[in-house]
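Hydrogens, waters and symmetry mates are skipped; everything else that's a heavy atom, side chains included, is used. All residue numbers in this chain count up from 1 along the given sequence. Atoms within each ligand, like the ligands themselves, are counted from 1 in listed order.
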Amino acid sequence: MSRSWTLGIESTAHTLSFGLVDAHGEPTAASSSTVSPDEGGIHPREAADHHKDAAQRLLAQLLEDNSLSPSDLGAVAYSQGPGLGPCLRVGAAIARGISSRLDIPLIGVNHCVAHIEIGRQQCGCTDPILLYVSGGNTQVIAHLDGRYRVLGETLDIGIGNMLDKFARAQGIPFPGGPVIEKLAKEWLAENDGASLEGLELPFAVRGMDLAFSGVMTAAQRLLDHGAELGAVCWSLQEHAFAACVEIAERALAHTGKSELLLGGGVACNNRLRQMCQLMAGEREATSHAPPRMYCIDNGSMIALLGMIELRHGRRTELSHSAVDQYLRTDQTPVTWPV
Ligand code: ATP
Ligand code: FE2
């Protein structure tokens, strides 16, 4: 019995995922399942039912893939927030059950901070500006005085939700972001030297913050006036990503930091990665993005942050293990070295 592995459970929204880190914090590929509704957006209760149904199979698969048994687990971490209440509660209930049955420590972690820590680990960044771009969140973050401080963020919807909603209106199922990327790329390949003339969209920057719903409505209007879907996908990406890159650049300039680190599901996007590289290159900074399996929601990042927090003396008592749908990035004390 080694008890050297930490199990991580991710269940904030559409994905239930179990992941592991070893005693050195080295992650393994996670075992995950994502709901994809036939129509409409994600319904929290339906997603929670999916998570309940998939849990046993996914956990058994993870242990089998890594030739481990439950007795090899030394701690269990789960996403305590932010996210959809019913989904979060499924992950927390599974974590409590495993902790009690195996008599191992329980640790509830901040999902947003987990995106950051897996990125820092995978990319070897020391003190980066973070561009956290996912379905529910769009934030530019820097570490200062024991917290990850939000320097700028979306004032309405997350960039990923915006892409998913726009896609859904065109009949593209969740997740729409990767399909928009593909359509934009194909259109650009067929329209060498394309210009944004006639495809202009409003600018999403509001000081150090962002707002995406106007951009989405305007993109829909372009389609209604006869523009090609591929062209609009391209324009939508160019405008939305340029806005994120602009506030990330300003954050680098204001703080004097020289590393940019991407995280969250939208960080899978090649065009966004390229735009960040270009911006960083122009100001003698570097831009980093973790492997895609660690950008999207995954249990491994939850295991990693759980392990780090346990090492630094925090653990979650059952009486404090309730989920917090509205937990913010800057609410979690960063007690480990950054
Ligand atoms: P959070 O709770 O951190 O907001 P989340 O629930 O949105 O996370 P993630 O897995 O971090 O989950 O991100 C999912 C989002 O990433 C979806 O909106 C999806 O469309 C988007 N996405 C995934 N791949 C791509 C891509 N290649 N291009 C653009 N968007 C993408
Ligand atoms: Fe996420």
So if I count the atoms of ligand 1 from 1 in the order they appear, which ones are less than 4.0 Å from some heavy atom of Gly136? 4 (O), 7 (O)

Ion pair Arg3/Asp72, N-O distance below 4.0 Å: no

Closest protein heavy atom (residue, atom, distance) for atom 2 (O) of ligand 1: His111 NE2, 3.2 Å

So the atoms of ligand 1 within less than 4.0 Å of a heavy atom of His115 turn out to be 3 (O), 11 (O)

With a cut-off of 2.8 Å, does Asp297 put an N/O/S atom close enough to the Fe ion (ligand 2)? yes

Hydrogens and angles aside, do Ser17 and Thr15 bring a side-chain donor and acceptor to less than 3.5 Å of each other? no

Should you measure from each heavy atom of Asn137, which atoms of ligand 1 turn up under 4.0 Å away? 1 (P), 2 (O), 3 (O), 4 (O)

Under 2.8 Å: N/O/S of His111 next to the Fe ion (ligand 2): yes

Any side-chain donor-acceptor pair under 3.5 Å between Glu259 and Thr286? no

of all protein heavy atoms, closest to atom 7 (O) of ligand 1 is Gly135 N, 2.5 Å

Applying the 4.5 Å side-chain criterion to the ILVMFWY set and letting contacts propagate, would Leu16 and Tyr294 be lumped into a single cluster? no

Which option, Ala167, Gly158, Gly265, Gly160, owns the non-hydrogen atom nearest atom 13 (O) of ligand 1? Gly265

Testing the 3.5 Å rule here: is there a donor-acceptor pair between the side chains of Gln220 and Asp224? yes

Look at atom 5 (P) of ligand 1 and say which protein heavy atom is nearest, naming residue and atom and giving the distance to 0.1 Å. Asp297 OD2, 3.4 Å

Salt-bridge test for Glu238 and Arg271: reply yes if a basic N is under 4.0 Å from a carboxylate O, no otherwise. yes

May I ask you to identify the nearest protein heavy atom to atom 1 (P) of ligand 1, giving residue, atom name and distance to one decimal place in Å? Ser134 OG, 3.2 Å

Charged N to carboxylate O under 4.0 angstrom, Asp209 versus Arg206? no

Pick from Val266, Ile159, Asp164: the one approaching atom 20 (O) of ligand 1 most closely through a non-hydrogen atom: Asp164

Identify whether Tyr78 and Ile118 are in the same connected component of the hydrophobic contact network (ILVMFWY, side-chain heavy atoms under 4.5 Å). no

So if I count the atoms of ligand 1 from 1 in the order they appear, which ones are less than 4.0 Å from some heavy atom of Pro175? 19 (C), 20 (O)

Starting from atom 3 (O) of ligand 1, what is the nearest protein heavy atom, named by residue and atom, and what distance separates them? Tyr132 OH, 2.4 Å

If the cut-off is 4.0 Å to any non-hydrogen atom of Glu181, which atoms of ligand 1 fall inside it? 26 (C), 27 (N), 28 (N)

Can you tell if the side chain of Phe166 reaches within under 4.5 Å of the side chain of Val215, non-hydrogen atoms only? no

Between Phe174 and His14, how do the two ring planes meet: parallel, tilted or perpendicular, split at 30° and 60°? tilted

Using a plain distance cutoff, I'd like to know if Gly177 has any nitrogen or oxygen under 3.5 Å from a nitrogen or oxygen of ligand 1. yes

Numbered atoms and elements of ligand 1 in range of Ile296, under 4.0 angstrom, heavy atoms: 10 (O)

Can Asp297 and His115 be said to form a side-chain hydrogen bond (donor to acceptor under 3.5 Å, both in side chains), step by step? CA-CA 8 Å; Asp297 287 350; His115 273 294; 3.1 Å; yes

for atom 28 (N) of ligand 1, nearest protein heavy atom and its distance come out as Asn269 ND2, 3.0 Å

So, 4.0 Å and heavy atoms of Pro178: is ligand 1 close enough to count as a contact? yes

